[in-house]
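Residue numbers start at 1 and run along the sequence shown. Keep in mind that the numbers below use all heavy atoms, side chains included, and drop hydrogens, waters and symmetry copies.
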Amino acid sequence: MEKEKLSMIGHIIDTPRVLKKAYEIREDYMADFVNAFVNHNFKKVYFLGSGTSNNVSMVIRNIFVDILHIEGVAIPPTLFTYHEDLNPANVFKKEEICVIGFTQHGDSISTCQALERAHKEGYFTIAVTEQLNSIAEKFSDAYCHLVCEEEEIGPETRGYTETILQFYILAIEIAKKKGIIDQKQYDSLNKDALDVANNLHIIVEQSIQWYKDNKAEFLNMTKSSIAGYGYNYPTALEARLKFFETYTRPCTGYEFEEQMHGPFRAYNADNYMFVIVSEGEAEKERARAAIPYYKDAFTEHVFVVTAEDDFSLSAKDLKLSFKSSDILSPIIYIIPFQVLSALICEDVGIDTKVSPIKKRYFSSHYPAARHNNLEDK
């Protein structure tokens with residue numbers, strides 16, 4: 001009998017278990033990746049992925065820049081393959097540039113082509129996949145296995161969140177081995193990771209309750225926007241992707257201030273506005289002024305998601321009771337939007353386990369025939 005697929009909300013509820021696993025089994029996945037960074041003096045690193053992997057690569061880019069003090073670039077793989085000069089000012093030696101490709105299933109055509117280009121041109125490449133023995137590995141000098149476990153449905157949730165924690169762990173391990181941080185700093189950063197893994201179930205539970213409390217209003221939503229800033233600008237982009245690909249109603253994702261530049265002309269009383277209020281005193285102060293303005297000028301349907309204690313909220317906002325470090329905050333702030341996407345689909349009868357795409361003669365996956373040719377060589 002065929003195993004029943006885990007639902008979208010099932011994957012989200014299961015995420016805390018997988019985060020704890022990623023924390024505990026780091027020795028199983030980090031050797032090749034950490035050694036690559038310890039044995040090479042990488043000064044510029046590209047982080048490449050498509051879709052959810054593109055958004056997670058933006059988060060990981062921020063982590064690596066902050067902890068390892070490298071120059072980081074996160075762009076869509078096809079832009080990298082056909083339009084990017086990897087070293088336009090000739091500042092770096094070729095061996096100082098690393099290209100990392102994220103593709104959960106290991107066969108994203110855009111990411112594989114980007115790795116292939118970098119590999120052929122002599123840059124050090126690293127493939128990051130959940131699927132073992134994938135096509136992406138064929139174009140890589142090193143490999144890192146994602147331990148998020150296979151997601152059984154299209155809208156990826158658990159993999160996004162786990163990848164952030166796994167690469168945070170890798171970054172602090174590299175930093176310790178290279179002497180960038182001392183033991184005391186390492187212990188503090190490591191504890192932050194454990195705290196997130198141990199407390200994420202609280203965020204899931206509070207997000208589910210938030211959805212239930214606002215369900216009647218959410219079910220009338222026809223168009224929406226999601227805004228975030230700083231470390232959580234990529235969170236807004238991933239939240240938008242998740243909500244749009246599942247619920248299918250128009251949704252936009254913006255950097256908080258950029259939402260002022262054009263999009264507001266399209267907003268009216270029917271628009272739902274979600275705002276992630278995270279780190280940064282200047283941006284929090286801006287948000288304190290913006291939220292009342294949104295409600296007065298545009299719509300009553302404004303929802304704030306925050307873990308900050310110094311931000312006044314309305315009854316329908318979500319105040320998270322666990323606050324992580326700023327650099328890890330994307331892990332907690334994506335959860336409410338994953339939950340919203342999963343539960344609203346259940347309530348309106350959208351089965352997220354079933355793809356609505358019926359014609360598949362044009363695909364984002366690496367052609368099987370070309371894969372077989374690679375195997376033969």
Side-chain angles (χ1 to χ4, degrees), residues 15-24 26 30 34 37 45 47 55-70 72 74 148 158 160-207 227-239 255-256 275-285 287 304-311 318-338:
T15 299
R17 175 190 67 83
V18 175
L19 261 61
K20 291 175 185 176
K21 171 186 171 182
Y23 181 89
E24 293 166 358
R26 66 184 70 192
M30 73 177 186
V34 171
F37 272 78
V45 181
F47 302 87
N55 296 330
V56 84
S57 72
M58 295 173 66
V59 176
I60 293 168
R61 176 263 175 203
N62 292 338
I63 291 171
F64 274 56
V65 169
D66 276 18
I67 294 177
L68 300 179
H69 312 308
I70 52 94
C148 58
R158 188 177 65 195
Y160 177 86
T161 314
E162 187 281 327
T163 302
I164 296 173
L165 186 72
Q166 182 172 336
F167 273 77
Y168 173 89
I169 290 169
L170 289 167
I172 65 174
E173 293 288 348
I174 293 165
K176 183 177 73 170
K177 288 184 181 297
K178 297 191 76 168
I180 298 170
I181 57 176
D182 60 26
Q183 187 64 44
K184 184 178 179 180
Q185 291 171 309
Y186 172 83
D187 290 342
S188 176
L189 292 169
N190 189 51
K191 182 181 180 299
D192 289 342
L194 181 60
D195 287 345
V196 168
N198 284 338
N199 287 281
L200 194 68
H201 70 283
I202 297 172
I203 305 301
V204 175
E205 292 162 6
Q206 291 179 336
S207 298
Y229 58 81
Y231 290 112
N232 286 287
Y233 169 48
T235 307
L237 299 181
E238 174 61 15
E255 194 279 329
F256 174 73
V275 182
I276 302 166
V277 176
S278 50
E279 80 287 344
E281 290 307 314
E283 287 154 312
K284 278 197 292 182
E285 190 61 34
V304 175
V305 176
T306 189
E308 299 296 311
D309 292 327
D310 59 347
F311 201 88
L318 175 56
K319 172 62 169 67
L320 301 171
S321 62
F322 171 73
K323 181 180 179 181
S324 71
S325 66
D326 292 342
I327 200 170
L328 282 171
S329 64
I331 290 178
I332 68 168
Y333 282 118
I334 192 57
I335 296 294
F337 298 99
Q338 293 177 341

Hey, what do you get for CG (Asp187) to CD (Gln183), rounding to the nearest 0.5 Å? 4.5 Å

Which heavy atom in Lys319 sits nearest to a heavy atom in Ala307, and how many Å separate them? NZ-O, 3.7 Å

To the nearest 0.5 Å, what is the distance between CD1 (Ile202) and CD1 (Ile332)? 10.5 Å

Can you check whether Ala282's main-chain N or O pairs, donor with acceptor, with Glu285's side chain at less than 3.5 Å? no

Just wondering, do Ile327 and Ile67 contact through their side chains at under 4.5 Å, heavy atoms? yes

Can you confirm whether Lys191 is buried at NZ, in the sense that more than 12 heavy atoms of other residues, nucleotides or ligands lie under 6.0 Å from that atom? no

Short side-chain to backbone donor-acceptor contact, Tyr229 and Ile276, under 3.5 Å: no

Looking at every non-hydrogen atom in both residues, tell me the closest pair between Pro234 and Val59 and how far apart they are. CB-CG2, 3.6 Å

Taking atom CD1 of Ile63 and atom CZ of Arg61, what is their separation to the nearest 0.5 Å? 11.5 Å

Less than 3.5 Å apart, which donor and acceptor atoms pair up between the side chains of residues 171-178 and the rest of the protein, not counting sequence neighbours?
{"residue": "Glu173", "atom": "OE2", "partner": "Arg26", "partner atom": "NH1", "Å": "2.7"}
{"residue": "Glu173", "atom": "OE2", "partner": "Tyr186", "partner atom": "OH", "Å": "2.6"}
{"residue": "Lys178", "atom": "NZ", "partner": "Phe37", "partner atom": "O", "Å": "3.2"}

List the steps and the verdict of side-chain contact (heavy atoms from CB on, under 4.5 Å) for Glu238 and Tyr160. CA-CA 9 Å; Glu238 174 61 15; Tyr160 177 86; 3.6 Å; yes

Taking the side chain as every heavy atom from C-beta outward, state whether Tyr23 and Val196 have any atom pair closer than 4.5 Å. no

Write down the atom of Ala236, the atom of Gly228, and the distance for their closest heavy-atom approach. CB-N, 3.5 Å

Closest non-hydrogen contact found for Tyr231 with Ser329 is CB-OG, 4.3 Å

Just wondering, do Thr15 and Glu162 contact through their side chains at under 4.5 Å, heavy atoms? no

Donor-acceptor pair, Thr161 side chain versus Ile331 backbone, under 3.5 Å? no

According to side-chain contact (heavy atoms from CB on, under 4.5 Å), who are the partners of His201, at least two apart in sequence or on a separate chain? Pro16, Glu205

Mind checking whether Phe167 and Phe64 have parallel, tilted or perpendicular rings, split at 30° and 60°? tilted

Let me confirm one number: the OG1-CE distance from Thr235 to Met58, rounded to the nearest 0.5 Å. 9.5 Å

So OH of Tyr333 and OG1 of Thr306: to nearest 0.5 Å the spacing works out to 4.0 Å

Closest non-hydrogen atom pair between Tyr233 and Glu255, with its separation: CE1-N, 3.3 Å

Looking at CG of Asn198 and CG of Leu194, how far apart are the two atoms once the value is rounded to the nearest 0.5 Å? 4.5 Å

Under 3.5 Å donor-acceptor, Gln206 side chain and Ser321 backbone: yes

What is the minimum heavy-atom distance between Glu308 and Val277, and which atoms define it? CG-O, 3.8 Å

Do the side chains of Ser207 and Leu318 get nearer than 4.5 Å, heavy atoms only? yes

